[in-house]
Amino acid sequence: MQNQAVRYVISSTAAAAGGIAAAATSVAAATLAASIIFSPAADSSARLDGVHADLARAIQLNQVTEEQAARFEAKLAGRILGEA
(Lines give C-alpha, C1' and ligand atoms only; values in the text may rest on other atoms or scores of the structure.)
Protein backbone atom coordinates (compact mmCIF):
# COMPACT_ATOMS: atom_id res chain seq x y z
CA MET A 1 0.00 0.00 0.00
CA GLN A 2 2.82 2.36 0.80
CA ASN A 3 4.41 1.78 -2.64
CA GLN A 4 1.15 2.81 -4.31
CA ALA A 5 1.06 6.02 -2.28
CA VAL A 6 4.64 6.83 -3.22
CA ARG A 7 3.93 6.17 -6.93
CA TYR A 8 0.83 8.39 -6.73
CA VAL A 9 2.78 11.25 -5.16
CA ILE A 10 5.56 10.93 -7.74
CA SER A 11 3.15 10.81 -10.69
CA SER A 12 1.08 13.68 -9.29
CA THR A 13 4.22 15.78 -8.80
CA ALA A 14 5.41 15.04 -12.33
CA ALA A 15 2.03 15.98 -13.76
CA ALA A 16 1.97 19.22 -11.77
CA ALA A 17 5.50 20.08 -12.91
CA GLY A 18 4.46 19.56 -16.54
CA GLY A 19 1.48 21.85 -16.06
CA ILE A 20 3.64 24.52 -14.47
CA ALA A 21 6.18 24.30 -17.30
CA ALA A 22 3.42 24.68 -19.89
CA ALA A 23 2.01 27.69 -18.05
CA ALA A 24 5.46 29.27 -17.79
CA THR A 25 6.02 28.77 -21.51
CA SER A 26 2.67 30.39 -22.29
CA VAL A 27 3.49 33.36 -20.07
CA ALA A 28 6.89 33.77 -21.69
CA ALA A 29 5.37 33.65 -25.18
CA ALA A 30 2.71 36.18 -24.22
CA THR A 31 5.34 38.49 -22.74
CA LEU A 32 7.44 38.32 -25.90
CA ALA A 33 4.42 38.99 -28.11
CA ALA A 34 3.41 41.98 -25.99
CA SER A 35 6.91 43.43 -26.13
CA ILE A 36 6.89 43.18 -29.92
CA ILE A 37 3.42 44.65 -30.29
CA PHE A 38 3.96 47.55 -27.91
CA SER A 39 7.51 48.42 -28.95
CA PRO A 40 7.77 51.66 -30.89
CA ALA A 41 8.02 51.29 -34.64
CA ALA A 42 11.43 51.99 -36.09
CA ASP A 43 11.72 55.12 -38.16
CA SER A 44 12.00 54.80 -41.93
CA SER A 45 15.76 55.33 -42.13
CA ALA A 46 16.44 52.65 -39.50
CA ARG A 47 14.20 50.21 -41.34
CA LEU A 48 15.92 50.92 -44.65
CA ASP A 49 19.34 50.50 -43.01
CA GLY A 50 18.22 47.10 -41.74
CA VAL A 51 16.94 46.08 -45.15
CA HIS A 52 20.21 47.16 -46.75
CA ALA A 53 22.27 45.21 -44.20
CA ASP A 54 20.12 42.09 -44.64
CA LEU A 55 20.41 42.24 -48.41
CA ALA A 56 24.17 42.79 -48.24
CA ARG A 57 24.42 39.64 -46.13
CA ALA A 58 22.24 37.74 -48.61
CA ILE A 59 24.58 38.80 -51.43
CA GLN A 60 27.61 37.59 -49.45
CA LEU A 61 25.92 34.22 -48.95
CA ASN A 62 25.10 34.03 -52.68
CA GLN A 63 21.40 33.86 -51.93
CA VAL A 64 20.59 36.73 -54.31
CA THR A 65 22.46 38.67 -56.95
CA GLU A 66 23.36 42.33 -56.57
CA GLU A 67 20.77 43.23 -59.20
CA GLN A 68 18.02 41.30 -57.41
CA ALA A 69 18.94 42.93 -54.12
CA ALA A 70 18.92 46.41 -55.67
CA ARG A 71 15.47 45.89 -57.20
CA PHE A 72 14.07 44.44 -53.97
CA GLU A 73 15.55 47.24 -51.87
CA ALA A 74 14.06 49.86 -54.20
CA LYS A 75 10.66 48.15 -53.99
CA LEU A 76 10.77 48.05 -50.18
CA ALA A 77 12.02 51.62 -49.97
CA GLY A 78 9.00 52.75 -51.94
CA ARG A 79 6.67 50.91 -49.57
CA ILE A 80 8.45 52.02 -46.39
CA LEU A 81 8.71 55.65 -47.44
CA GLY A 82 5.14 55.55 -48.73
CA GLU A 83 3.96 54.68 -45.19
CA ALA A 84 5.80 57.62 -43.61
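Heavy-atom basis, side chains included; hydrogens, waters and symmetry copies ignored.
- Around CD of Gln60, the count of heavy atoms belonging to other residues, nucleotides or ligands within 6.0 Å exceeds 12.
- The distance from atom CZ of Arg71 to atom CG of Leu55, rounded to the nearest 0.5 Å, is 12.0 Å.
- Rounded to the nearest 0.5 Å, atoms CG (Leu76) and CG (Leu48) are 8.5 Å apart.
- In this structure, Ile80 CD1 and Glu73 CD are separated by 9.0 Å, a value rounded to the nearest 0.5 Å.
- For the atom pair CZ of Phe72 and CG of Asp54, the computed distance is 9.5 Å after rounding to the nearest 0.5 Å.
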